[in-house]
Amino acid sequence: MKHVSFFARTTAATLLCLPLAFSAALAENALTIAVKQDRYSVDPEKFTFTTRRPAAQIVETAVKPDENFLPAPLLFQDWDYADGTYTVTLREGVTFSDGTPLNADSTIAALKLYDTGKSDFLQIDQDSFEKLGEYQISFASETGSALVIENMTHRGTSLFGPSEDRAANPVGTGPYLLESYDPNQQITVVRNEAYWGDAPYVDQLTFRFIADDNARLLALQNGEIDIIGEVTPQMLLSMPQDGSVVLHESRPIRYVAMMTNINGEAPFDIMQDRQVREALAWAIDRETIASVLYAGRGEPAKGILPGWMFNLGDTHTNGFGYDTAKAADLLEAAGWTLGSDGIREKDGRKLTLRLVAAYPNVSTVKPMPEMLEQMFADVGVDIDLVEVDDSGVYGSTYLDTGEADLYLEFASNNNTDPTYLLNNLFTTTTPWGGYKFFAPGAHVDALLSDGRKAQTRDDVIEKVRAAHRAIVQDDLVAIPILLVPNFALSRPGVDVPMSEYADWIDYGNVTMVNQ
């Protein structure tokens with residue numbers, strides 16, 4: 001069936017009968033993208049409206065990630081860091097959608113507005129801002145970080161202009177303007193004709209919130225949408241193979257890993273024993289899991305950061321193969337002997353581990369939890385599997401309380417700060433609550449603290465490699481399973497410019513060919 005996305009689908013003969021201006025409006029191209037759910041928050045302390053998941057491109061970040069995961073100019077034209085101070089030259093000729101020019105005053109105001117969210121991303125010293133000229137500012141990190149600019153590639157740090165109500169009237173410098181927002185249903189944006197940069201190809205973007213995986217796939221097959229922006233393993237398993245649905249993918253970026261509660265209290269204290277952690281690592285058949293999930297595009301992981309990212313390479317970690325005999329020997333050495341029911345015991349205690357699946361939701365990793373349950377049963381480990389489909393429940397009920405042994409996560413380092421993921425997930429000073437249960441201790445804290453303050457990129461990467469090795473091998477607090485690309489599905493004739501960052505997929509420059 002021919003499918004063309006227009007504001008109105010009409011015949012050429014009808015268009016000829018209409019006034020020229022109206023005909024042009026009807027001929028504008030539009031794109032509809034389905035995402036899983038409406039995650040926007042308008043809470044001033046957690047404000048994410050239009051900035052990410054999905055990024056509606058109304059507001060922009062100061063810098064953007066380039067293909068090598070380095071910060072590239074956007075609203076900031078140039079910058080320098082020396083002696084704890086950032087000096088920034090702003091791009092000239094940029095205006096917010098209300099006509100306010102982007103200059104030193106409006107940029108400082110936008111950065112201060114961002115700080116009201118109490119974010120852990122930037123941590124700029126609010127008393128350090130200085131206007132050096134009409135298009136030049138300076139500031140300092142309140143933590144001494146040399147990586148503030150790298151953190152500005154995260155869509156959550158987008159800069160808003162002046163507005164009485166950002167939730168009703170988001171003012172930004174981006175290529176789109178808000179047309180309508182129906183919470184939990186959809187958000188529609190239209191092209192900003194006064195945009196300072198290159199005009200996007202697509203005139204109108206609509207993001208529809210469709211929580212059910214099957215419903216998203218059916219909507220694509222029925223021609224109701226053009227692209228699915230959140231793709232789960234179950235959708236890939238059921239994707240038709242007749243060419244009616246097209247798969248788009250990035251380089252491997254996301255990890256699937258089991259985080260281990262090494263700082264928990266009884267009864268969630270078994271994972272404090274490294275031999276048990278290593279036994280689980282050897283008990284996982286990663287090749288089989290890779291062949292079943294993610295359309296076979298995932299690859300067995302040796303870490304949670306891909307080797308191509310930040311030029312880390314892949315020789316600083318060894319990874320774990322599939323060796324059930326070795327897993328059994330490690331458990332025996334740790335004092336866990338096989339009982340008559342096939343479950344190991346020690347001092348009258350069964351080797352039962354609670355596995356919570358998953359972050360951000362269990363549908364992103366299905367059927368991996370059940371596969372892991374069986375693999376661990378093969379070496380005498382009983383799994384109490386808890387499946388959650390809400391990141392809030394995952395966090396508040398299980399992660400923040402430490403009331404589990406294992407936590408299955410599907411995530412990535414989602415900005416160009418090489419320390420970002422490791423610092424937030426595996427340090428004792430993490431701002432992310434329950435991740436303290438995964439922190440190996442002072443040695444990893446020191447590596448990442450030194451990395452965040454290092455003055456050269458080479459020094460940063462050296463510290464990150466050492467911390468990464470500790471986390472996934474020496475201390476083994478995160479058990480790597482797979483590295484997975486970022487995916488999108490579309491109807492035929494749609495070319496999606498993929499990005500490893502889901503929030504940086506440029507839907508405004510999707511090209512479409514009538515089918």
Side-chain angles (χ1 to χ4, degrees), residues 61-66 68-73 76 78-89 108 111-112 114-115 117-130 132 136-154 156-157 303-305 309-313 316-317 412-433 435-436 438-475 477-478:
T61 51
V63 292
K64 62 183 179 181
D66 71 7
N68 297 314
F69 271 46
L70 295 172
F76 286 6
D78 194 15
W79 55 89
D80 184 51
Y81 176 74
D83 300 323
T85 298
Y86 294 85
T87 302
V88 174
T89 300
I108 290 173
L111 287 168
K112 287 188 173 183
Y114 171 77
D115 193 66
K118 297 182 173 59
S119 169
D120 51 272
F121 289 139
L122 299 187
Q123 296 181 307
I124 296 174
D125 180 352
Q126 294 298 294
D127 296 326
S128 70
F129 283 111
E130 287 191 31
L132 305 179
Q136 193 171 60
I137 65 172
S138 68
F139 55 83
S141 165
E142 63 185 11
T143 62
S145 172
L147 297 169
V148 171
I149 299 296
E150 280 80 355
N151 278 283
M152 288 182 174
T153 58
H154 193 288
T157 67
I304 58 175
L305 297 174
M309 183 185 282
F310 312 125
N311 293 319
L312 283 173
H316 65 285
T317 58
S412 67
N413 194 97
N414 57 8
N415 67 35
T416 62
D417 173 0
T419 71
Y420 172 74
L421 179 78
L422 305 185
N423 183 71
N424 284 315
L425 266 61
F426 302 104
T427 60
T428 61
T429 57
T430 174
W432 290 1
Y435 286 96
K436 65 186 178 183
F438 312 151
H443 58 299
V444 170
D445 287 0
L447 284 168
L448 291 168
S449 177
D450 290 347
R452 291 173 71 79
K453 296 176 183 177
Q455 300 299 296
T456 70
R457 189 77 173 183
D458 287 345
D459 287 344
V460 173
I461 298 306
E462 178 185 354
K463 301 299 184 185
V464 169
R465 286 194 188 106
H468 187 218
R469 179 183 174 90
I471 289 162
V472 302
Q473 187 167 314
D474 296 341
D475 292 293
V477 294

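As the structure is a computational prediction, the values presented were derived from the model and not from experiment.
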- Message: With side chain to side chain contact (heavy atoms under 4.5 Å, CB included) as the criterion, how do Ile124 and Asp115 come out once you've worked through the C-alpha distance, each side chain's angles and the decisive distance to 0.1 Å?
- Response: CA-CA 8 Å; Ile124 296 174; Asp115 193 66; 5.7 Å; no
- Full working for side chain to side chain contact (heavy atoms under 4.5 Å, CB included) between Thr419 and Val464: CA-CA 6 Å; Thr419 71; Val464 169; 3.8 Å; yes
- Please walk me through it: do His154 and Asn414 pass side chain to side chain contact (heavy atoms under 4.5 Å, CB included)? CA-CA 7 Å; His154 193 288; Asn414 57 8; 3.4 Å; yes
- Run the side chain to side chain contact (heavy atoms under 4.5 Å, CB included) check on Thr87 and Asp78 step by step: do they pass? CA-CA 8 Å; Thr87 302; Asp78 194 15; over 6 Å; no
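Judged by distance alone, with hydrogens and angles left aside, the side-chain atoms of Thr153 form a donor-acceptor pair with the main-chain N or O of Thr416 at under 3.5 Å. Asn413 places a side-chain N or O within donor-acceptor distance of the main-chain N or O of Asp417, the cut-off being under 3.5 Å. A donor-acceptor pair is defined here as one N or O able to donate and one able to accept, closer than 3.5 Å; such a pair exists between the side chain of Asn151 and the backbone of Leu147.
Every residue two or more places apart in sequence or in another chain that forms a ring pair (Phe, Tyr, Trp, His ring centres under 6.0 Å) with Phe139 is listed here: Tyr86, Phe129. Residues meeting the side-chain hydrogen bond (donor to acceptor under 3.5 Å, both in side chains) test with Ser138, sequence neighbours left out: none. The side chain to side chain contact (heavy atoms under 4.5 Å, CB included) test applied to Lys436 returns Thr430, not counting sequence neighbours. The ring pair (Phe, Tyr, Trp, His ring centres under 6.0 Å) check on Phe426 picks up nothing, with sequence neighbours excluded. In terms of the side chain to side chain contact (heavy atoms under 4.5 Å, CB included) criterion, residue partners of Asn423 (sequence neighbours excluded) are, by chain and number, Thr427, Leu448, Arg452. Residues passing the side chain to side chain contact (heavy atoms under 4.5 Å, CB included) test with Ser449 are Lys453, sequence neighbours excluded. Asp125 meets the side chain to side chain contact (heavy atoms under 4.5 Å, CB included) test with Asp127, Ser128, Glu142; sequence neighbours excluded. Residues satisfying the salt bridge (charged side-chain N to carboxylate O under 4.0 Å, His left out) test with Arg469, not counting sequence neighbours, are Asp474. By the side-chain hydrogen bond (donor to acceptor under 3.5 Å, both in side chains) test, Thr89 pairs with Gln136, sequence neighbours left out.
Atom-to-atom distance recorded for Leu111:CG and Thr157:OG1 is 9.0 Å, nearest 0.5 angstrom. Put simply, CG on Asn415 and CE on Met152 are 11.5 Å apart, with the number rounded to the nearest 0.5 Å. For the atom pair OG (Ser145) and OH (Tyr420), the distance works out to 13.0 Å, reported to the nearest 0.5 Å. With values rounded to the nearest 0.5 angstrom, Asp445 atom CG is found 10.5 Å from Asp450 atom CG.
Sequence neighbours left out, the pairs with a member in residues 456-475 that pass ring-ring contact (aromatic ring centres under 6.0 Å, His included) are His316-His468. Legend: salt bridge (charged side-chain N to carboxylate O under 4.0 Å, His left out) pairs involving residues 454-464, not counting sequence neighbours, sorted by first then second residue: Glu150-Arg457.
Summarising the geometry of Ala146 relative to Ala454, their closest heavy-atom pair is CB-O, 3.4 Å, with the distance given to 0.1 Å. Residues Leu425 and Phe438 approach most closely at O-CB, 3.8 Å, considering heavy atoms. Nearest approach of Asp66 to Asn68, heavy atoms of both residues: OD1-N, 2.9 Å. Between Val460 and Gly451, the shortest heavy-atom distance links the atoms CG2-O, 3.3 Å. Taking all atoms of both residues into account, the shortest heavy-atom contact from Pro71 to Ile149 is CB-CG2, 4.1 Å.
Side-chain contact check for Ile471 versus Val444: some heavy-atom pair is nearer than 4.5 Å. No side-chain heavy atom of Ser412 sits less than 4.5 Å from a side-chain heavy atom of Leu421.
Remark: Gln126 CD is packed, more than 12 non-hydrogen atoms of other residues, nucleotides or ligands lying under 6.0 Å away.
The aromatic rings of Phe76 and Trp79 lie tilted to each other, with the angle between the two planes from 30° to 60°.
Judged by distance alone, the side chains of Thr143 and Ser141 do bring a donor and an acceptor atom under 3.5 Å apart. Side-chain contact of Asp475 with His443: a donor-acceptor pair under 3.5 Å is present, judged by distance alone.
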